[in-house]
Number of protein chains: 2
Amino acid sequence: MSEGPNIVRIAALIGDNARAEALSALMSGRALTATELADAASVTRQTMSSHLQKLLEAGLLKVSQQGRHRYFRLAGADVAYLIESMMGVAFHTTTQHPRTGPRDPALRKARICYDHLAGEMGVYVYQQMLEYGLLLQKDGALSITDQGREWFRQLGIDADEVAQSRRSFCRACLDWSERKDHLAGALGAALLSRILELGWARRVEDSRAIEFSAQGEASLRGLMRLRCTE
Amino acid sequence: MSEGPNIVRIAALIGDNARAEALSALMSGRALTATELADAASVTRQTMSSHLQKLLEAGLLKVSQQGRHRYFRLAGADVAYLIESMMGVAFHTTTQHPRTGPRDPALRKARICYDHLAGEMGVYVYQQMLEYGLLLQKDGALSITDQGREWFRQLGIDADEVAQSRRSFCRACLDWSERKDHLAGALGAALLSRILELGWARRVEDSRAIEFSAQGEASLRGLMRLRCTE
DNA sequence: CTCATGGTTCGGTCCTGATCGAATCAATCG
DNA sequence: CGATTGATTCGATCAGGACCGAACCATGAG
């Protein structure tokens, strides 16, 4: 007796090593080519080609062509959201973490979740914003307050312009490592983009980790604290 | 180049028909026996037995024994959250819905998501609560206001007593059919429990659907409106 | 134009894991 | 106690699907 959406299709697709690797790699928010994804998953190009075809057909990925290069990316935030959620379950049901390489603490500290900041830093920022009224829940969705609008402007982000985006402006996303929410949506994406632009943090090569410089982190925390004490 | 939690393990477990059926059936929040789950998945008891063993070992299920009966349930809200998220992706990536039986509209109208109300009704309630200040985002989590406390008391729920529960008191959960949040956590569970207690709605046999009576729905909407116009 | 590289298609191999019949163990009831 | 039923274990079967070599097509650079 079966009712509701058929989850086995989606799960079976993710439940293959090569495909899982590809999806995880794409959580960096970057668009990657078939060859890059094959390398990431340590399979041949032909193997990855057929896997990508399946993910495309299933609607988990989308592709754009530039000459002979085909750039694959996650189909949308809900797919990212699902992967993040599954990472959380995977993380919290593992009795030990065999793959605690040097990058694991880095991932937990700050990383890209699709297009926005996650990890301790991501959760910290979101918490502060909610705590001090920069963001507010309204109409089943997060919204930005006037105070928040001002804060973002000070950071160099025009929140109203960001709101023109056709995607979800502002929403919470459950963090796999912190088990708390961080800021997602267009606003979350704009925030990360700006942080990188300001040089407060940088992307780690071939990783989802985001590395804050000491100065960059201090700047962000300072800006946070300034707003929050007024 | 692999980093972060290994999602393939979890996905592969869900990506089997029998196991997916079992997990979906357990989204009703009920604890079911191995035999019941075997029936739900249309496999033999021995097959289901080995599947359940795997889900137990993986930490996706937990089991309690009563005599010869072993009752299985989802290990926790984060597993439910993952399944709900996957249902959302499955639902929104399916070009057509082959299984649109008579129960589908019912599921979308109101259903159980683990232990709380989901679907249109679930989203509606949550939206109203946020809109009119019964609930408030604080410290990276939802919290209840004094006004909300009063509203729940009027409904017959002592929110402070509910808060004693060791589980997450109050959080949002993304609804697969509505793509908006509904209320989850201990408070969401208490709300559904109370609605059922009041007879405003009832559980549909062998289904996750929740069926509101016309009177019950009017009562809930009325209580909602009353609070919201004050 | 040729060569290199990105990417796809085809077909054969083989490994994995779901499945169920049979058997067994455990709990419950009359 | 015997019969029934819930549940598990064992072992054999076989279907499905991941994988890659080979071949081919498409694009871009020199």
Side-chain angles (χ1 to χ4, degrees), chain A residues 1-2 6-26 30-58 60-75 90 206, chain B residues 1-2 6-26 30-75 206:
Chain A
M1 196 271 330
S2 199
N6 181 15
I7 59 173
V8 73
R9 176 174 65 95
I10 301 294
L13 283 170
I14 303 173
D16 165 71
N17 275 313
R19 290 197 291 271
E21 291 287 351
L23 289 166
S24 293
L26 293 170
R30 283 179 170 136
L32 300 173
T33 65
T35 301
E36 284 168 329
L37 289 168
D39 290 341
S42 306
V43 291
T44 62
R45 290 174 306 161
Q46 49 267 45
T47 299
M48 184 50 74
S49 183
S50 66
H51 285 310
L52 293 172
Q53 190 63 22
K54 284 174 180 164
L55 294 173
L56 271 177
E57 279 166 6
L60 296 187
L61 298 187
K62 59 187 180 184
V63 64
S64 54
Q65 184 126 3
Q66 285 172 232
R68 65 186 175 181
H69 294 275
R70 303 186 79 210
Y71 287 95
F72 295 89
R73 70 189 73 225
L74 295 184
D206 284 335
Chain B
M1 192 272 332
S2 198
N6 181 15
I7 57 173
V8 73
R9 174 174 66 96
I10 300 295
L13 282 170
I14 303 171
D16 164 71
N17 274 313
R19 290 197 292 271
E21 291 288 350
L23 290 165
S24 294
L26 293 170
R30 282 180 172 137
L32 300 173
T33 64
T35 301
E36 284 169 329
L37 289 168
D39 290 341
S42 305
V43 292
T44 61
R45 291 176 304 167
Q46 49 267 44
T47 299
M48 185 50 74
S49 182
S50 65
H51 285 311
L52 293 172
Q53 189 63 23
K54 283 175 179 160
L55 295 173
L56 271 177
E57 279 165 7
L60 296 186
L61 297 188
K62 60 186 178 184
V63 65
S64 55
Q65 183 127 5
Q66 284 172 235
R68 66 187 176 180
H69 294 274
R70 304 186 78 215
Y71 287 96
F72 296 87
R73 68 189 76 226
L74 296 185
D206 287 334

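This structure is a prediction, so every number in the text was calculated from the model and none was measured.
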Undergrad: For B/Arg68, enumerate each residue passing the side chain to side chain contact (heavy atoms under 4.5 Å, CB included) test, keeping only those at least two apart in sequence or located in another chain.
TA: none

Undergrad: Residues in side chain to side chain contact (heavy atoms under 4.5 Å, CB included) with B/Ala75, at least two apart?
TA: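 If we apply the side chain to side chain contact (heavy atoms under 4.5 Å, CB included) test to B/Ala75, skipping adjacent residues, the hits are B/Val79.
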
Undergrad: What is the 5' to 3' range of DNA chain D, first to last nucleotide, that sits under 4.0 Å from any heavy atom of chain B?
TA: D/dT4 to D/dT9

Undergrad: Under 4.0 Å between any heavy atoms, over every strand shown, what does A/Thr35 touch: base, sugar-phosphate, or nothing? Just pick one.
TA: sugar-phosphate

Undergrad: Please tabulate, one pair per line, each protein N/O and nucleotide N/O from nucleotides 27-30 of chain C that are separated by under 3.5 Å, including the distance.
TA:
from, atom 1, to, atom 2, distance (Å)
C/dA27, O3', B/Arg68, N, 3.2
C/dA27, N3, B/Arg68, NH1, 3.0

Undergrad: With side chains defined as the heavy atoms from C-beta onward, is the minimum distance between A/Arg73 and A/Ser64 less than 4.5 Å?
TA: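 Side chain of A/Arg73 against side chain of A/Ser64, heavy atoms only: contact under 4.5 Å found.
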
Undergrad: Kindly list each side-chain donor-acceptor pair under 3.5 angstrom involving residues 45-54 of chain B, sequence neighbours excluded, with atom names and distances?
TA:
from, atom 1, to, atom 2, distance (Å)
B/Thr47, OG1, B/Thr44, OG1, 3.0
B/Ser50, OG, B/Thr47, O, 2.9
B/His51, ND1, B/Arg19, NH1, 2.9
B/Gln53, NE2, B/Glu57, OE2, 3.1

Undergrad: Would you indicate which nucleotide in C/dA18, C/dG21, C/dT8 comes nearest to any side-chain atom of A/Arg70?
TA: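 Of the options given, the side chain of A/Arg70 lies nearest C/dT8.
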
Undergrad: If an axis is fit to five pairs at each end of the helix from C/dC1-D/dG30 to C/dG30-D/dC1, what is the angle between the two, to the nearest 10°?
TA: 30°

Undergrad: Can you spot which of B/Leu26, B/Val63, B/Leu37, B/Leu60 makes a side-chain contact (heavy atoms from CB on, under 4.5 Å) with B/Leu55?
TA: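 Considering B/Leu26, B/Val63, B/Leu37, B/Leu60, a side-chain contact (heavy atoms from CB on, under 4.5 Å) with B/Leu55 is found only for B/Leu60.
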
Undergrad: Return the nearest nucleotide to the side chain of A/Ser49; candidates are C/dG6, C/dT9, C/dT19.
TA: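 The listed nucleotide nearest to A/Ser49's side chain is C/dT9.
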
Undergrad: Should A/Thr33 and A/Tyr71 count as side-chain neighbours, where that means a heavy-atom distance under 4.5 Å?
TA: yes

